[in-house]
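Heads up: the structure comes next, in structure tokens.
Model, not experiment: these values are computed from the prediction. Below, all heavy atoms of this structure are taken into account, side chains as well, without hydrogens, waters or symmetry copies.
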Amino acid sequence: MQAAQFANCLGAAASTCTEQNFGPIGTGPFVVTEFKTNDTVSLAANPNYRDPAKPAFATMTVKGGGDAEAAARAVMETGEFDYAWNTQINPELQAAMAGGGNGVFLNGFGTLVERIEMNMTDPSADLPEGERSTTEHPHPILTDIRVRTALSMAIDRQILVDVGYGNAGRPTCNLVPAPEMFASDNTGCLTQDIEGAKALLDEAGWVVGTDGIREKDGKKLKLLYQTSTNPVRQDFQALIKGWWNEIGVEVELKNIDASVFFGGDAGSPDTFQKFYADVEMYANNFDGTDPEPYLAQYMCDKIPGPDNQWQGENINRFCDPAYDALVKEMSATAEMGKRAELAKKMNDMLTKDSMVVVPLVDRGRLSAASTTLGGVVLNTWDTELWNAQDWFRIK
Amino acid sequence: MLTYTLRRLLLAIPTLLLISLVIFLLVDLAPGSPASEIPLTVPPEVREKILESLSVNQPIFVRYLLWLKQFFWVEPLNGIDWLFGTNYAEGMQRIISYQTRSPVFPLIGERLPQTLTVIGTAYLVGVLIALPIGIYSAYRQYSLFDQFGTMFAMIGFSVPTFFTGTVFIIVFGVWLGWFPTKYDTTLEVTDWDSFVKQLRQMAMPVMVLGLANAAAISRYMRSSMLENMRQDYVRTARAKGMSERTVVLKHVLRNSMIPVVTIIALGIPSIFGGAIITENLFGVNGIGAALIGAIRGNDLPMVQTLAFIFAILIVTFNLIADVLYGLLDPRIRYD
């Protein structure tokens, strides 16, 4: 972007620069001619673009709003639009629309992983405010790795993918599923093993009571499972609750509106950082270049708590000096092969070695493209318009 | 009449201020924060800085008084600047939306034409359909036409707009391909072709909303006509030898229109805020869609400003409806 245009718009002054924000000057193939917030962006071909023969299109219109289904319909059925991204629709609808012949669905995978985080601290409401979900009180049930492992073993990730994402997802056991050089060879969690889970819980001392719920020392194996309000997530919650009930765990489900759950409001008890629940589910990703900052989120000093307004990134309050040491080592390592090794080791420490992060689905991107649009290459590491200068109309 | 109007206007001022305070407190005290719109990949320090720059963290009364000052002083000055090219509001902090980080009033100005065109036309079409249906249903009470009219009204009332909208999209958009399913907000009407295009893309939202509006108004028209058809003056007019047409369309209709006109006037503020579902479904960037987007993103300045504008409109049109009632009906006199 042009430095001169934004010279007076840095820091707090950013909110005063509407003209610049809505009409940035850049070096891409298109320039913004009109910007209607939360609605449309109108672009025209950049006359000063470095390749005089490109882009092939004179104008581009980007329309926002509506839901994924309407966007997919506009490309796949009515042909009003040539490309729609993030058309996360359920598998039956995908098949129905693809059969129309107007367009194709493209899918690609990045680093977005839907996961369950296990709370290593006690979120009990009996504790005073300011001590709930802090390291002062370890979790009475989930600090036992056998319980965490059993909970992970009871989940059939393939069914979750089939129900929720179809082609747009694949089961995964890794926190860092990509790029390939950083992806650990970690597939042990992909097969569901109900009997094995039950055996582990028996071994851990949780005995099935008369009502089918396990108990130990007078305490019941009861978990509060929270996530954001989203139909696919609620489906997942229902399925996972069913499996956990099978192995003798009582589950209470809770869903919170996304604007509150992800809002980070220090005054709200329902944010994912406060984690006033036993397990919670959401998705996170990183930019796909290098996972060091992403893995460094799980260091001991990044735990959210009252002293830092609950702004930390170590959501499950995992604290292991060996892990912190690995992070420090990685920050001092330059050689890519060694970095990859360290990343894989850290990924394993969080997933299969400690089960504090239980990855479920590697969520890919699903986009719809018209059959008359050529030159489209799906890129999950950047904006999907990354090669718009190469797009052309197929005659 | 004049003293009545003045009294109502003066009473409206504390009412509106109280409304603005209640809305402000409701939105502010509700859980959720504008930070949820910022993606998780943004590091916490930058997130804090963004929130700081929006002055989200100041105490509640400071923000309320600041909003009052901006709404009643800074924004009108900006309006005068825009109209007359002056510079009175240079450097003054305007009401800034948390979501877009741009001033709220230009956003409203950008969206108002669509709302007025699409939703306003739908209301007009609804009224134009409802009146003849209501009149004829009352004239030929219990006839086949009346039964159909009643059924039409029932459907319009009970079927929600998101259902009719989706059905219309599937039937007219996908199967028949007559109308586009997404509203093109950049379309400028410069010649006959673009005018036809505009009509085509307006057709479905107008049909959906018009159906819902027509249902309600046709019932009011019908019952008002029925009441008047039984009056003695109708018998007198017929006895005097006037044609049915004159009796119904000149005498009875005029008297029946009095309550219906006030109901139509009361329904006008709903044009602005009430078409949220339809706007979202068809991609019309109207004010209702802006409001729901702002509520979702905890965009307090936008919600506050829009809700306050709706409150002003409702209070104004309430007053207009009451005054209109007094003007049309010589039997009513306020003091």
Side-chain angles (χ1 to χ4, degrees), chain A residues 11-19 21-22 33-40 42 59 61 63-67 70-71 73-74 77-81 100 256-273 282-287 293-294 302 304 308-309 311-313, chain B residues 30-41 43-45 47-55 91 93-94 96-103 106-107 110-111 114 166 169-170 173-175 177 179-186 279-285 289-290 293-298:
Chain A
S15 59
T16 56
C17 291
T18 315
E19 245 182 75
N21 282 329
F22 288 2
T33 51
E34 195 183 4
F35 183 82
K36 293 194 168 151
T37 52
N38 281 336
D39 182 46
T40 43
S42 300
T59 58
T61 312
K63 173 112 183 156
D67 59 349
R73 195 181 298 129
E77 293 191 339
T78 60
E80 289 168 77
F81 282 86
I256 302 153
D257 188 81
S259 69
V260 178
F261 193 61
F262 296 113
D265 185 2
S268 165
D270 292 323
T271 61
F272 79 109
Q273 293 105 328
Y282 62 94
N284 200 355
N285 62 346
F286 68 103
D287 62 15
Y294 189 53
K302 297 254 173 70
N308 58 10
Q309 281 80 50
Q311 294 302 320
E313 296 157 302
Chain B
S33 106
S36 66
E37 297 272 301
I38 306 174
L40 285 180
T41 44
E45 319 82 56
R47 185 185 283 235
E48 269 306 300
K49 285 224 188 94
I50 296 176
L51 291 175
E52 269 296 315
S53 74
L54 298 171
S55 38
Q93 170 78 303
R94 303 187 66 175
I96 303 276
S97 150
Y98 290 164
Q99 277 183 309
T100 63
R101 262 85 75 191
S102 71
L107 290 175
E110 201 177 80
R111 299 200 161 217
Q114 275 76 258
T166 315
I169 287 180
I170 305 248
V174 180
W175 290 349
F179 304 121
T181 61
K182 283 269 176 210
Y183 191 84
D184 179 7
T185 48
T186 58
E279 283 179 4
N280 262 316
L281 204 54
F282 291 99
V284 179
N285 62 335
I295 291 175
R296 275 237 155 89
N298 293 102

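Between A:Tyr282 and A:Phe262, the ring planes lie perpendicular to each other; the angle is over 60°, past the 30° to 60° tilted range.
The closest donor-acceptor contact from the side chain of A:Thr33 to the backbone of A:Ser42 lies under 3.5 Å. Within the 3.5 Å criterion, the main-chain N or O of A:Ala74 finds no donor-acceptor partner in the side chain of B:Lys182.
For the ring-ring contact (aromatic ring centres under 6.0 Å, His included) test, no residue two or more places apart in sequence or in another chain qualifies with A:Phe81.
Within the 4.5 Å cutoff, no side-chain heavy atoms of A:Asp270 are placed close to those of A:Phe261.
Contacts between B:Ile169 and chain A at a heavy-atom distance below 4.5 Å involve the side chain alone, from C-beta outward. Of the two parts of A:Glu313, only the side chain, counted from C-beta on, holds a non-hydrogen atom closer than 4.5 Å to a non-hydrogen atom of chain B. Using a 4.5 Å cut-off between heavy atoms, A:Tyr294 makes no contact with chain B at all. Looking at A:Phe35, only its backbone comes within 4.5 Å of chain B, counting heavy atoms on both sides. Heavy atoms of B:Arg94 lying under 4.5 Å from chain A are absent altogether. Proximity to chain B is limited to the side chain of A:Lys63, based on heavy atoms less than 4.5 angstrom apart.
Taking both residues in full, the closest heavy atoms of A:Ser268 and A:Val260 are given as OG-CG1, 3.6 Å, listed atom of the first, atom of the second, then distance.
Looking only at heavy-atom pairs under 4.5 Å with chain A, the residue among B:Leu281, B:Val284, B:Thr186 that has the most is B:Thr186. Between chain A and the options B:Thr181, B:Asp184, B:Asn280, B:Leu107, the largest number of non-hydrogen pairs under 4.5 Å is found for B:Thr181. Ranking A:Glu19, A:Gln311, A:Glu80 against chain B, the residue ahead of the rest is A:Glu80, based on heavy-atom pairs under 4.5 Å.
Here the rule is side chain to side chain donor-acceptor pair (under 3.5 Å) with B:Asn285, and of B:Gln114, B:Glu279, B:Arg111, B:Glu110 only B:Gln114 fits it.
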